[in-house]
Participant: 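The structure's right below; bear with me while I get my questions together.
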Protein chains: 2
Amino acid sequence: MKDTAQETINKIYDSLTRAERQLASVILENYPMSGMGSITRLAEKASVSTPTVARMVQKLGYSGFPEFQDALRQEVEARFSNPIAKHESWAQSAPEAHILNRFTDAVMANIRQTLANIDSDQFDALTALLADEKRALYITGGRITHALSEYLHLHMQVIRARVRHIRGTSNAWPHDLLDMSEADVVLIYDIRRYENSTLRLAEIAKARGAKIALITDQWQSPISQYADVSLKCRIEAPSAWDSTIAMMLLSETLIAAVQEARWDQTESRMHTLEDMFDQTKIFRKFV
Amino acid sequence: MKDTAQETINKIYDSLTRAERQLASVILENYPMSGMGSITRLAEKASVSTPTVARMVQKLGYSGFPEFQDALRQEVEARFSNPIAKHESWAQSAPEAHILNRFTDAVMANIRQTLANIDSDQFDALTALLADEKRALYITGGRITHALSEYLHLHMQVIRARVRHIRGTSNAWPHDLLDMSEADVVLIYDIRRYENSTLRLAEIAKARGAKIALITDQWQSPISQYADVSLKCRIEAPSAWDSTIAMMLLSETLIAAVQEARWDQTESRMHTLEDMFDQTKIFRKFV
DNA sequence: ATTATTCTGAAAATTATTCTTCTCAGATTT
DNA sequence: AAATCTGAGAAGAATAATTTTCAGAATAAT
């Protein structure tokens, strides 16, 4: 069977030049509709010149733009006439039962349900807590969620001062709690199987009067009894393990929300960080 | 709001003449795709003359065929870009413009596009590489992707032996490469801004003959030139940072796939791990 | 850092296609 | 029989696509 334009593009993507990749991205982005207008319009949308478009469609193996467009049209038509049949196959290059499709199905459902049941007031309250620099912020997670907590910590550090990551996995964490006061806030990730040491940590933090925020699964960590704010996420997946994507989504959204709330300060912090990166040559100069 | 072409046609259907009705039927039949070709093609499909088509689109209130076609195009676009009703609000307790909804929109689109453009053969090849215990597995990431690499490492450790996490953020990583041979595989996460040290690491690994697997963003890390397998993810988000959710999804799916591929061995490893947990009382007994 | 190579976009000329409109004879409807 | 509709054909207008040229930009190579 002949390749779709999409497949062809992906196949030769590596051999494309800068402007062509830019164009290819735009085509793939809103595939296949973006290619349905005139060549000029597509060129404009991708911010490249018409000759670039003309050159590329020929690279893709079409005799010219009209032929390319015709191919696209047929693809749309095919998809339209198969109304809902195929629409749940995320990776069209794999069969419906492929783990890619099954797993993505589950994750999408998790996200949908997590969002549907979220209490946006709690979310906003948490955003406010995290944005408040007067409160020191402690972040911690369990065995599985450690990576998430680290990810949040990394970003929060850029956004604001006084952020600390507590390695719940080490047994030295009580040291980290020495300075904690009732003005502070602790954000804890905890999913099944809920860990004892994390619960202890929450209890101690509570005793010190800190605000406790919890990101947990739908069955809820026992920490929720101490939590001032708590967000529940769906974590089921067709796997021996749970999926923490919904938690990651909430974490990234929190990052975006806090960052938005204190953009003035964040911006200058980011610039400072950039400067330091420049000096240490960590990143490549271009791209 | 303005009527769709479909509605307009239905509205004036009774006042149409024979040939026009014939045409109208054809348009409605395979709506809206039938109108996407040239006026000649539509005329042929409906077995009417081109002047008839031209006359009718004007009756419908369009200035001419191109305008009519444009209207159709917009309608398709609207339908197409929301296969799952994009304009649904994910968190109904929050307004549509709330960051929760905006961010989730973007993430869903990222996932959809990542999956749509994924090469499932590459994915399967990577699964096979990771499942092959004869190959030692090295995992590493950059500043932002470090958490992801750690997450993958944690799970891979449970699934198989000979897994190592390289802290790309430290400068001691060359030590970790000492034992690397050409039977081994290195999985690297790298998104913009691509880091120099990660690139060096890839070069050295390549020189030692190891297989290189890359999980990168849509603009592709320069490492892709060395990679034997590479997966591209969309990472755009309405935020000052990128979203690594799509990468996380692929990572979790990889975990599920590898685990499925070697379930026999994984199962006993998991039991052993459980036993150890029991002995150390890390988890709560119930729940 | 310098040079060589490749890529890119603007402009324009050329060609191709598509759309609109017109005419009028024949078909269809009233 | 009269009025209306329709399609073939074709001419002209409008739009679109292709191709070329060339200078400047980006990239790769030295």
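Throughout, a chain's letter reflects where its sequence line sits, starting with A, and its residues are numbered from 1. Quick caveat: nothing in here was measured; it's all calculated off a predicted structure.
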Participant: Can you tell me if Asp184(B) uses its side chain to pair, donor with acceptor, with the backbone of Met180(B) under 3.5 Å?
Facilitator: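 No, Asp184(B) side chain to Met180(B) backbone: no donor-acceptor pair under 3.5 Å.
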Participant: So do Ser221(B) and Ile191(B) actually touch side chain to side chain, heavy atoms under 4.5 Å?
Facilitator: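 No, side chains not in contact.
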Participant: The criterion is ring-ring contact (aromatic ring centres under 6.0 Å, His included); which residues satisfy it with His165(B), sequence neighbours excluded?
Facilitator: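 Here the qualifying residues are His146(B), His153(B).
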Participant: Just call it for Gln22(B): base, sugar-phosphate, or nothing, with non-hydrogen atoms closer than 4.0 Å on any strand.
Facilitator: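 No contact at all - Gln22(B) keeps every heavy atom at 4.0 Å or more from the nucleic acid.
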Participant: Under 3.5 Å between N/O atoms: give me all the protein pairs with nucleotides 10-17 of chain D, atom names plus distance.
Facilitator:
from    : atom 1 : to       : atom 2 : distance (Å)
dA17(D) : OP2    : Ile39(A) : N      : 2.7

Participant: Please list, chain by chain and in numerical order, all residues satisfying salt bridge (Lys or Arg N to Asp or Glu O under 4.0 Å) with Glu260(A), sequence neighbours excluded.
Facilitator: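 Expected list: Arg102(B).
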Participant: Would you say a side-chain N or O of Gln58(A) is under 4.0 Å from OP1 or OP2 of dT18(D)?
Facilitator: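 False: Gln58(A) side-chain N/O out of range (4.0 Å or more) of dT18(D) OP1/OP2.
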Participant: Identify, between Val57(A) and Ser49(B), the residue whose nearest nucleotide on DNA chain D lies closer to the 5' end.
Facilitator: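 Whichever sits nearer the 5' end wins; that is Ser49(B).
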Participant: Any idea which heavy atoms bring Thr140(B) and Ile166(B) closest together, and the distance?
Facilitator: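 So the minimum-distance heavy-atom pair works out to OG1-O, 2.8 Å.
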Participant: Which salt bridge (charged side-chain N to carboxylate O under 4.0 Å, His left out) pairs, counting each pair once, include a residue from residues 11-22 of chain A, with sequence neighbours left out?
Facilitator: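 Pairs touching residues 11-22 of chain A that pass the test: Asp3(A)-Lys11(A), Glu20(A)-Lys59(A).
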Participant: Roughly, in whole Å, what's the span from NZ in Lys59(B) to P in dT4(D)?
Facilitator: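 In whole Å, dT4(D) P and Lys59(B) NZ are 13 Å from each other.
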Participant: Show the distances under 3.5 angstrom between N or O atoms of the protein and N or O atoms of nucleotides 3-6 of chain C.
Facilitator:
none

Participant: What would the secondary structure line of DNA chain D be in dot-bracket form, counting Watson-Crick and G-U wobble pairs under 3.5 Å, with [ ] for pairs that cross earlier ones and | for pairs with another strand?
Facilitator: ||||||||||||||||||||||||||||||
Participant: Can you pull out every salt bridge (charged side-chain N to carboxylate O under 4.0 Å, His left out) where at least one residue sits in residues 38-50 of chain B? Sequence neighbours excluded, please.
Facilitator: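 Non-adjacent pairs meeting salt bridge (charged side-chain N to carboxylate O under 4.0 Å, His left out): Asp70(A)-Arg41(B).
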Participant: With sequence neighbours excluded, give me every salt bridge (charged side-chain N to carboxylate O under 4.0 Å, His left out) pair touching residues 204-224 of chain B.
Facilitator: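 Only Lys206(B)-Asp228(B) qualify under salt bridge (charged side-chain N to carboxylate O under 4.0 Å, His left out).
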Participant: I need the full list of side-chain hydrogen bond (donor to acceptor under 3.5 Å, both in side chains) pairs touching residues 245-254 of chain B, with sequence neighbours left out, sorted by first then second residue.
Facilitator: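 Qualifying pairs, neighbours excluded: Ser243(A)-Glu252(B), Thr244(A)-Glu252(B), Tyr151(B)-Glu252(B), Tyr189(B)-Ser251(B).
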Participant: If I take atom CE in residue Met56(B) and atom P in nucleotide dC5(D), what distance separates them, rounded to the nearest angstrom?
Facilitator: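 The answer, rounded to whole Å, is 15 Å.
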Participant: To the nearest Å, how far apart are Tyr62(A) OH and dT18(D) C1'?
Facilitator: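 Taking atom C1' of dT18(D) as the reference, OH of Tyr62(A) is at 18 Å.
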Participant: Round to a whole Å and report the spacing from CZ of Arg21(B) to P of dT4(D).
Facilitator: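 That distance rounds to 17 Å.
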Participant: Has Gln69(B) got a side-chain atom pairing as donor or acceptor with Gly37(B)'s backbone, closer than 3.5 angstrom?
Facilitator: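 Answer holds: yes.
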Participant: Using the salt bridge (Lys or Arg N to Asp or Glu O under 4.0 Å) criterion, which residues pair with Asp242(B)? Sequence neighbours excluded.
Facilitator: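 Once residues adjacent in sequence are excluded, the partners of Asp242(B) under the salt bridge (Lys or Arg N to Asp or Glu O under 4.0 Å) criterion are Arg192(B).
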Participant: Within the sub-3.5 Å range, which N or O atoms of nucleotides 24-30 of chain C have a protein N or O partner, and how far apart are they?
Facilitator:
none

Participant: Judged by atom type as modelled, is there a donor-acceptor pair below 3.5 Å linking the side chain of Ser34(A) to the main-chain atoms of Ile27(A)?
Facilitator: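 Yes.
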Participant: Mind checking salt bridge (Lys or Arg N to Asp or Glu O under 4.0 Å) for Glu236(B) and listing every partner two or more places apart, or none if nothing turns up?
Facilitator: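 Scan of Glu236(B) (salt bridge (Lys or Arg N to Asp or Glu O under 4.0 Å), adjacent residues dropped) gives Arg234(B).
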